Structures are given as structure tokens and as C-alpha cells.
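Treat the numbers as computed from the prediction; the structure is a model and nothing was measured.
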Amino acid sequence: MNLFALSETAIDVAARQAALADPGAGGYVAFEGWVRDHNEGRRVTRLEYEAFDELATREGERIVAEAIARFGLRAATCVHRKGSLAIGDMAVWVGVSAAHRGEAFAACRYIIDEVKHRVPVWKKEHYADGDSGWVNCEHCASAPHSHSDYSRQMALPGVGSAGQARLTAARVLVVGAGGLGCPVLAYLAGAGVGTIGIVDDDRVEAGNLHRQPLFGHADIGQPKAEVAAARLRAQNPEVHAHAHAVRFGAANATALLAGYDVIVDCSDNFSTKFLVNDAAVLARKPAVLASVHQFEGQLQVVRADAQGSCLRCVWPEATRDGLVGNCAESGVLGPVPGLLGNLQAMEVLKLLLDLPGQLRDEVLLFDLL
């Protein structure tokens, strides 16, 4: 049984129910959404549903998997119609089975709310007066279950509701939660990137606070990845922020990248930067790299997924750590990594939204003096 599916034909409820049968389940709950003949005072004659199939299926499966893990379900599934629907047709069906009814009720509500908010499926209403209009897109920012208002960026050409859905479905891994990572994380969360992973095995230090605005004095000594993840959830409760309080290394690089679409290198040492580059090339995933030295910085985007150049095209041999001092050794003003981190966040959003002007085979160099 698929966790989530799109269907161009009528939903086979009996088959879905049978797939949920479990002698260990004491609670079974289902939700059915039907096409009604009115909306906001206007008479509706039919609906059309459109979807980004691959993104919708992937995000729908994530939502159902989240519900299974969060509520300890025995099983769960959801199916959503696409195409033209008549009045009275079933548009969406959710079913869950759990050991107890409380978990089943809560999980069913969670799945339908998350599907309506996160899955890129849009509804076009056709009215009795001959007019028609897309309704989900215009209201998603102000829906009762939505915490964030993306209307300002959705007004931009190249973003809109379709772009916002792409951001919601995106998964970005950020390696390093320091001077570069803090602005990257804050702006990706603010933009509504659905899943953000944070890899950092360090702890918050007092000497870093001037360039790491996600942290405060009360966080000193705490794991940076965990504190940063908590800050992102507080900033935007719709973002799924995952803390990986480990060092990015050869032993875990493949596993860490597996669950993400884009990787952002915000580390402060050459060995990690080259490892991120190599892992991204092997995984055929885009990577956004930046580094800072005193008043200078550089920015590069590796597009291994599109036969682009990589870090080793410029430096075939990895630069030895210690050859150039890091921030602790050479000093740094906060706005320098802040600027480069902002540019990294912008390049990530350009990638996810397929905006023009993406970096490809260039290295941008900045001397802020």
C-alpha cells in the first residue's frame, strides 16, 4: 500500500480500507473530502485539480511517514484526486489505524491539514456564472493552519504559488552553523524551505556570537546544531529543522546527503569543503560553497547534476588545513560571513525556484575593503 498517491480515477475506498486492516489496531479513522456546490457565496459547478506529480507524491509520502512515526500508527495512507471532478465526487481520502482511537483521530487530522498546506496540488473552481478561479493558492498564506505569510515573496515573478510549493517540498542540508551558516539557515527558514538539515558538532562559544546571530549568551556551551534547529522552528513552525550534531566526514557524508536535494557548505576548514564538494559530485546534487578570510570571501556553486564545474576544477588538490588561518586565528568582522551567507541563501533559492542568473562555472571573489 502506497503511503500517498495521486489518482485520476475515482478513489477505491474499499481497497484502501482493506489495506489498513490490522488485528492489533483498536482505532481506525478515515477522512473524506467531497466536492461541494458552493464556496464563499458562489455556486460551483465542478472542480479541476492540478499537481506537480513527483513533488506532490514525495511530499505526501513524507507527511504520512511523519504521522506514522509521530503518533505511533499501525498504518496510514492518503490518496488525492487530480483532473476534473463533478459535484459530489470524492477529492481526498485519508485512513489511519492505530492501537488506540486518540492517536488515530489526531493522526488523521494531522495528515489532512499537512497535505492541504504542503502538497503542491491546486484547485480550480468553475462557477455557475461561467467564471473560474484558482482558490487554494490565493488562500494558502492565510489558512487557519498556516503560521507564515509568504505573500510578499509569492508576489514576485518566478515565485508565485507554484514556486512556494517547490520551496515547501525542498530539502536542504547546511554543513556548519557558524558565521556563514546562521544567515543561510535564517533566510531559508524564512522563505519556507520545508526541510532543513543542520550538520555541526561544535558548541556555542562566546567569541563567536558577534557573527552568529542565531545564538545568544544563554546558549553558550550548547550544541550549535540543536540550538539552531530550535531557533528555526521558533522562527517558522512550518519548517522541519533536523539537527545532526556530528562532524561531516567521509564515513557519514553519503548517508547525510541521501535525504536532501541541495547541500550548502558553511564550514570553516578546507578538508570539509573539499569533502562536501566531492560528496556532492558523487551524489550528482548541487552544492553552494563559500569561504571567508578576514575582509575577503568567495562564492561558488557546484552543479554536478548539470555537468557543471566543481571545486577541484579550480584547485585539483585539496588545500591543506592550517595553510590559511580560520576566523579564530585571522580574525573576522561579523558582516563579512554575513554577506557571503546571504549570497549562499540567495543561490539556493535561485536553484530551488529555477530563477535566472544562477552561478554555474564561475567563482565570485569579494574584497570588502
Side-chain angles (χ1 to χ4, degrees), residues 55 59 62 114 117-120 137-200 204 209 211-216 219 224-244 260-266 286-288 290 299 301 334-355 357-359:
L55 289 176
E59 189 64 13
R62 288 175 183 156
E114 294 296 303
H117 180 58
R118 291 164 51 185
V119 174
C137 307
E138 290 87 343
H139 297 308
C140 65
S142 59
H145 55 268
S146 174
H147 299 280
S148 297
D149 184 345
Y150 305 114
S151 59
R152 299 299 187 273
Q153 66 188 36
M154 288 172 65
L156 288 168
V159 183
S161 56
Q164 194 61 50
R166 295 177 71 167
L167 295 180
T168 299
R171 301 171 66 87
V172 177
L173 183 69
V174 179
V175 178
L180 292 168
C182 282
V184 170
L185 292 167
Y187 278 104
L188 294 185
V193 171
T195 302
I196 301 175
I198 308 163
V199 181
D200 199 312
V204 179
L209 296 182
R211 68 183 187 280
Q212 298 177 9
L214 281 181
F215 312 122
D219 303 315
K224 290 168 68 174
E226 295 178 7
V227 177
R231 292 289 189 278
L232 298 194
R233 297 186 198 108
Q235 175 189 355
N236 188 347
E238 297 166 5
V239 169
H240 298 273
H242 301 294
H244 304 282
Y260 296 91
D261 308 314
V262 180
I263 181 170
V264 189
D265 170 62
C266 299
V288 181
L299 179 71
V301 176
V336 178
L339 170 64
L340 271 295
N342 276 303
L343 291 171
Q344 283 184 284
M346 186 64 199
E347 290 302 318
V348 173
L349 295 176
K350 285 157 68 175
L351 280 167
L352 298 177
L353 295 168
D354 196 23
L355 296 176
Q358 298 177 28
L359 289 180

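In terms of modelled atom types and a separation under 3.5 Å, the side chain of Gln153 and the main chain of Ala191 share a donor-acceptor contact. Side chain of Glu347 to backbone of Leu359: a donor-acceptor contact under 3.5 angstrom is found. No side-chain donor-acceptor contact under 3.5 Å links Arg118 to the backbone of Glu59. The closest donor-acceptor contact from the side chain of Arg166 to the backbone of Leu55 lies at 3.5 Å or more, if one exists at all. Judged by distance alone, the side chain of Gln344 and the main-chain N or O of Val288 form a donor-acceptor pair under 3.5 Å.
Under the side chain to side chain contact (heavy atoms under 4.5 Å, CB included) criterion, Arg231 pairs with Leu214, Asp219, Val227, not counting sequence neighbours. Residues satisfying the side chain to side chain contact (heavy atoms under 4.5 Å, CB included) test with Leu339, not counting sequence neighbours, are Leu343, Leu368. Every residue two or more places apart in sequence or in another chain that forms a side chain to side chain contact (heavy atoms under 4.5 Å, CB included) with Ala189 is listed here: Ile196, Leu232, Gln235, Val239. Residues passing the salt bridge (charged side-chain N to carboxylate O under 4.0 Å, His left out) test with Arg171: none are found, sequence neighbours excluded. Looking at residues two or more places apart in sequence or on another chain, you find a side chain to side chain contact (heavy atoms under 4.5 Å, CB included) between Leu355 and Lys350, Leu353. With sequence neighbours excluded, the residues forming a side-chain hydrogen bond (donor to acceptor under 3.5 Å, both in side chains) with Asp261 are Arg58, listed by chain and number.
Of the candidates Val174, Val193, Leu180, Val174 is the only one forming a side chain to side chain contact (heavy atoms under 4.5 Å, CB included) with Leu185.
The two residues Pro183 and Gly178 come nearest to each other via the heavy atoms CD-O, 4.4 Å.
Note on ring orientation: taking the six-membered ring where Trp is involved, the planes of His242 and His244 are tilted (angle from 30° to 60°).
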